[in-house]
**Student:** 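Okay, here's the structure, questions in a sec.
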Amino acid sequence: MKILITGISGLLGSELAKVLKDKHEICGIARNFNSPEFKTYNIDITDSKLTYDTISKINPDAVIHAATYSNVDECEKNPELAFKINSLGTRNVCLACQRFDTVLVYISTDYVFSGKDFPKEGYTELDIPNPVNIYAKSKLAGEWFVKNLLNKFFIIRTSWLFGSKRNNFVSAIFDDLKNNKNVKQAGDMRSSPTNVFDLSLAISKLLETNLYGIYHLTNSGFASRYEVAVYIAKILGCSKNKIEKVSLKSFNFAAPRPYFSGLKNYIWKLNDFKPLKPWQESVADFLSAKI
């Protein structure tokens, strides 16, 4: 299968390429990036004609749309740019996929839920989204374009991604604790820390099916950022006294965040797929290469 990955230089896109390359022909779209291993196209997905022409020329069997404007606070400050990239950029990719009825995998977010009156077992794919910030609203609008323009699609909602490609909250906590620095993490914000390697394996399995629809895909279990930090301290064998539990409000973020955005991988389970490993095990696996 020929698979095109948008955002192939990013945290998830780069991991997807590594996971999928042994079974599939991989190419990618990214801005100002050239891969020594994969054919890449330096285009801006907000350019509708260029996006359409490029994807049509590549004629992939599937497109994984991982490119996104993911800085939550910058999205809040620049809503037009957020909607241009996350919503209309997604529309442009959809229109290109529409031409040849190409399968699209769209990477969305747990932030489409408000965190108010949440179900104890986590939000399922059947729950109604109610985003509280511009980033999530723009990603939900992207979902709308996917559902209304295409017949063959997977919408993947995931959360709190970490991996080796670039700095993230797990690696940042690890580095600070290893260097004996003080760490402040919110104790009142909970979701599912998710390793991009495990997520990529799950997406690979979905691509081998025609079980289209919306999926919540995360590592199992929920945690606060503070709990993740305490667990990392345990792995390092250092004292948790360097970790201060604070409130989400104390960070004064420009964009509001849901206090709870944990996802229940309900449709994944109903389709008899094996649950992704617990977040603790996945964090330990990731950090084993850094210790």
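The figures that follow rest on heavy atoms only: side chains count, while hydrogens, waters and symmetry mates do not. A quick note: this is a predicted structure, and the numbers were derived from the prediction, not measured.
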**Student:** Are Leu206 and Leu4 in one and the same hydrophobic cluster, where Ile, Leu, Val, Met, Phe, Trp and Tyr link if side-chain heavy atoms are under 4.5 Å apart?
**Tutor:**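 No, because Leu206 and Leu4 fall into different hydrophobic clusters, even though each may have its own neighbours under 4.5 Å.
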**Student:** Nearest 0.5 Å please: distance from the CZ atom of Arg31 over to the CG atom of Asn42.
**Tutor:**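 It comes to 9.5 Å.
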**Student:** Salt-bridge test for Asp61 and Lys152: reply yes if a basic N is under 4.0 Å from a carboxylate O, no otherwise.
**Tutor:**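 Lys152 and Asp61: not salt-bridged.
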**Student:** Do Ser108 and Glu143 have side-chain N/O donor and acceptor atoms under 3.5 Å apart?
**Tutor:**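 Distance-only check passes for Ser108 and Glu143.
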**Student:** If we ignore hydrogens and angles and just use 3.5 Å, is the side chain of Asp176 paired with the main-chain N or O of Ile173 as donor and acceptor?
**Tutor:**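 Answer holds: no.
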**Student:** Side chains of Ile214 and Ile267: closer than 4.5 Å at any heavy-atom pair?
**Tutor:**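 Sidechains of Ile267 and Ile214: no contact.
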**Student:** Sequence neighbours excluded, which residues qualify as side chain to side chain donor-acceptor pair (under 3.5 Å) partners of Asn180?
**Tutor:**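 Applying side chain to side chain donor-acceptor pair (under 3.5 Å) to Asn180 gives none.
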**Student:** Does anything in residues 157-186 form a ring pair (Phe, Tyr, Trp, His ring centres under 6.0 Å)? List the pairs, not counting sequence neighbours.
**Tutor:**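 Counting only pairs at least two positions apart or across chains, the ring pair (Phe, Tyr, Trp, His ring centres under 6.0 Å) contacts touching residues 157-186 are Trp160-Phe169, Phe162-Phe286.
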**Student:** Going by atom types alone, do Asn219 and Ser192 pair a side-chain donor with an acceptor below 3.5 Å?
**Tutor:**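 Ser192 and Asn219 do not have a side-chain donor-acceptor pair below 3.5 Å.
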**Student:** Got a second to check how far Lys165's NZ is from Ile8's CD1, nearest 0.5 Å?
**Tutor:**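 Going from NZ on Lys165 over to CD1 on Ile8, the span is 9.5 Å.
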**Student:** Check Cys27 against Ile58 and note the closest heavy-atom contact, atom names and distance.
**Tutor:**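 That closest heavy-atom pairing would be SG-CG2, 3.7 Å.
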**Student:** Under the ring pair (Phe, Tyr, Trp, His ring centres under 6.0 Å) definition, can you give me all pairs with a residue in residues 79-111, not counting sequence neighbours?
**Tutor:**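 Only His65-Tyr106 qualify under ring pair (Phe, Tyr, Trp, His ring centres under 6.0 Å).
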**Student:** Taking the hydrophobic residues Ile, Leu, Val, Met, Phe, Trp and Tyr, and joining any pair whose side-chain heavy atoms are under 4.5 Å apart, which ones share a cluster with Val112?
**Tutor:**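 Hydrophobic cluster check, Val112: joined to Phe113, Phe118, Tyr123, Leu140, Phe222, Phe260, Leu263.
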**Student:** Where is the tightest heavy-atom contact between Ser70 and Tyr135, given as atom of each residue plus distance?
**Tutor:**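 Taking Ser70 first and Tyr135 second, the nearest heavy atoms are CA-CE1, 3.7 Å.
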**Student:** Flag the pair Asp44 / Leu50 as yes when at least one side-chain heavy-atom distance between them is below 4.5 Å, and no otherwise.
**Tutor:**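 With C-beta onward as the side chain, the pair stays apart.
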**Student:** Considering only Ile, Leu, Val, Met, Phe, Trp and Tyr, and joining two whenever side-chain heavy atoms are under 4.5 Å apart, list the other residues clustered with Leu201.
**Tutor:**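 Result for Leu201 is Val19, Phe197.
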**Student:** So, using ring pair (Phe, Tyr, Trp, His ring centres under 6.0 Å) as the criterion, who are the partners of Tyr231 when residues are at least two apart?
**Tutor:**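 Per chain and number, Tyr231 pairs via ring pair (Phe, Tyr, Trp, His ring centres under 6.0 Å) with Trp279.
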**Student:** Who else is in the cluster with Val132 when I, L, V, M, F, W and Y are joined by side-chain contacts under 4.5 Å?
**Tutor:**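 For Val132, no cluster forms, as it stays isolated from other hydrophobic side chains.
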**Student:** Which atoms form the tightest heavy-atom contact between Thr90 and Gly142, and what is the distance?
**Tutor:**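 Closest heavy-atom pair between Thr90 and Gly142: CG2-O, 3.7 Å.
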**Student:** Taking only residues two or more places apart in sequence, or in another chain, which ones meet Phe33 in a ring pair (Phe, Tyr, Trp, His ring centres under 6.0 Å)?
**Tutor:**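 Applying ring pair (Phe, Tyr, Trp, His ring centres under 6.0 Å) to Phe33 gives none.
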**Student:** Is it the case that atom NZ in Lys84 sees more than 12 heavy atoms from other parts of the structure closer than 6.0 Å?
**Tutor:**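 Not more than 12 within 6.0 Å, no.
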**Student:** Side chains of Thr102 and Ile55, heavy atoms from C-beta outward: is any pair under 4.5 Å?
**Tutor:**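 SC-SC contact between Thr102 and Ile55 ruled out.
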**Student:** Working to the nearest 0.5 angstrom, can you tell me the gap between Asn130 CG and Ile128 CD1?
**Tutor:**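 Output value for this atom pair is 9.0 Å.
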**Student:** Check whether any side-chain heavy atom of Ile85 sits under 4.5 Å from a side-chain heavy atom of Thr46, and report yes or no.
**Tutor:**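 A side-chain contact exists here, since the closest heavy-atom pair is under 4.5 Å.
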**Student:** Checking Ser204 side chain against Ser200 main chain: does a donor-acceptor pair fall under 3.5 Å?
**Tutor:**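 Such a contact is absent between Ser204 side chain and Ser200 backbone.
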**Student:** So which atom in Ala229 and which in Ile243 form the shortest heavy-atom distance, rounded to 0.1 Å?
**Tutor:**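 Residues Ala229 and Ile243, closest heavy atoms: O-CD1, 3.4 Å.
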**Student:** Check whether more than 12 heavy atoms from other residues, nucleotides or ligands sit under 6.0 Å from atom CG of Asp101, and answer yes or no.
**Tutor:**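 It does: Asp101 CG has more than 12 such atoms within range.
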**Student:** Let me see the working for Asp73 and Arg257 under salt bridge (charged side-chain N to carboxylate O under 4.0 Å, His left out), right down to the final yes or no.
**Tutor:** CA-CA 10 Å; Asp73 293 313; Arg257 270 83 162 162; 2.7 Å; yes
**Student:** Under the side chain to side chain contact (heavy atoms under 4.5 Å, CB included) criterion, do Leu207 and Ile64 qualify, and how do the steps go?
**Tutor:** CA-CA 10 Å; Leu207 279 171; Ile64 303 177; 3.9 Å; yes
**Student:** Under 6.0 Å from the CD atom of Glu80, do we count more than 12 heavy atoms belonging to anything else shown?
**Tutor:**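 Open.
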**Student:** Between Ser14 and Gly10, which heavy-atom pair has the shortest distance, and what is it?
**Tutor:**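 Minimum heavy-atom contact is OG-O, 2.6 Å.
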**Student:** Show your working on side chain to side chain contact (heavy atoms under 4.5 Å, CB included) between Lys242 and Leu177 and close with a plain yes or no.
**Tutor:** CA-CA 7 Å; Lys242 286 284 184 179; Leu177 290 175; 4.3 Å; yes
**Student:** Nearest 0.5 Å please: distance from the CG atom of Leu20 over to the CE atom of Met1.
**Tutor:**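 Answer for the CG-CE pair, Leu20 versus Met1, is 9.5 Å.
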**Student:** Could you give the distance from OG (Ser224) to CZ (Arg190), rounded to the nearest 0.5 Å?
**Tutor:**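 If we round to the nearest 0.5 Å, Ser224:OG and Arg190:CZ are 6.0 Å apart.
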**Student:** What pairs with Phe145 under ring pair (Phe, Tyr, Trp, His ring centres under 6.0 Å), at least two apart in sequence or on another chain?
**Tutor:**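 Counting only residues at least two positions away or on another chain, Phe145 forms no ring pair (Phe, Tyr, Trp, His ring centres under 6.0 Å).
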**Student:** Consider only side-chain heavy atoms of I, L, V, M, F, W and Y, link residues closer than 4.5 Å, and tell whether Ile26 and Tyr41 are in one cluster.
**Tutor:**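 No; tracing contacts between hydrophobic side chains, which count when under 4.5 Å, never links both residues.
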**Student:** Set out, in order, the CA-CA distance, both residues' side-chain angles and the distance that settles side chain to side chain contact (heavy atoms under 4.5 Å, CB included) for Leu287 and Val170, then state yes or no.
**Tutor:** CA-CA 9 Å; Leu287 294 180; Val170 171; 4.1 Å; yes
**Student:** Can you check whether Lys139's main-chain N or O pairs, donor with acceptor, with Asn86's side chain at less than 3.5 Å?
**Tutor:**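 No, because the side chain of Asn86 does not come within donor-acceptor range (under 3.5 Å) of the backbone of Lys139.
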**Student:** Answer whether the closest heavy-atom distance between the side chains of Phe273 and Leu211 falls below 4.5 Å.
**Tutor:**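 Sidechains of Leu211 and Phe273: in contact.
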**Student:** Could you pull out every donor-acceptor pair under 3.5 Å between side chains of residues 91-99 and any protein atom, sequence neighbours left out?
**Tutor:**
residue: Asn92; atom: ND2; partner: Ile45; partner atom: O; Å: 2.8
residue: Asn92; atom: ND2; partner: Leu88; partner atom: O; Å: 3.3
residue: Gln98; atom: NE2; partner: Leu149; partner atom: O; Å: 3.1
residue: Arg99; atom: NH1; partner: Ser56; partner atom: OG; Å: 3.4

**Student:** Is there a path from Tyr212 to Leu150 through hydrophobic residues (I, L, V, M, F, W, Y) whose side chains come within less than 4.5 Å of each other?
**Tutor:**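 Tyr212 does not cluster with Leu150.
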**Student:** Spell out, as yes or no, whether a donor-acceptor pair under 3.5 Å connects the side chain of Ser138 to the backbone of Ser87.
**Tutor:**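 Judged by distance alone, no pair lies under 3.5 Å.
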**Student:** Report yes or no: do Tyr52 and Ile5 belong to one cluster of Ile/Leu/Val/Met/Phe/Trp/Tyr joined by side chain heavy-atom distances under 4.5 Å?
**Tutor:**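 Unlinked, Tyr52 and Ile5 end up in two clusters.
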**Student:** Under the side chain to side chain donor-acceptor pair (under 3.5 Å) definition, can you give me all pairs with a residue in residues 261-272, not counting sequence neighbours?
**Tutor:**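 Listed by first then second residue: Asp110-Ser261, Glu121-Lys264, Ser191-Ser261, Tyr215-Asn271, Thr218-Asn265.
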**Student:** How far does NE2 of His216 sit from CG of Leu126, to the nearest 0.5 angstrom?
**Tutor:**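 Here the interatomic distance stands at 8.5 Å.
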**Student:** Are any of the side-chain heavy atoms of Ile203 and Phe154 separated by less than 4.5 Å?
**Tutor:**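 Answer no - side chains too far apart.
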**Student:** Treating Ile, Leu, Val, Met, Phe, Trp and Tyr as nodes and any side-chain heavy-atom pair under 4.5 angstrom as an edge, say whether Leu217 and Val196 lie in one connected cluster.
**Tutor:**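 Looking at the clustering, Val196 is in the same group as Leu217.
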**Student:** Can you name the closest pair of heavy atoms from Met189 and Pro258 and give their distance?
**Tutor:**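 Of all heavy-atom pairs spanning Met189 and Pro258, the closest is CG-O, 3.9 Å.
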**Student:** With sequence neighbours left out, what residues match Lys77 under salt bridge (charged side-chain N to carboxylate O under 4.0 Å, His left out)?
**Tutor:**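 So Lys77 forms a salt bridge (charged side-chain N to carboxylate O under 4.0 Å, His left out) with Glu74.
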**Student:** Should the heavy atoms of other residues, nucleotides or ligands under 6.0 Å from NZ of Lys277 be counted, would the total exceed 12?
**Tutor:**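 Atom NZ in Lys277 is packed in, count exceeds 12.
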**Student:** Looking at Gln185 and Glu227, would you say the former's side chain and the latter's main chain have a donor-acceptor pair under 3.5 Å?
**Tutor:**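 No, because the side chain of Gln185 does not come within donor-acceptor range (under 3.5 Å) of the backbone of Glu227.
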**Student:** Does the side chain of Val105 reach to within under 4.5 Å of the side chain of Ile156, using non-hydrogen atoms?
**Tutor:**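 In contact.
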**Student:** A side-chain contact here means heavy atoms from C-beta on lying under 4.5 Å apart; do Thr68 and Ile107 qualify?
**Tutor:**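 Not in contact.
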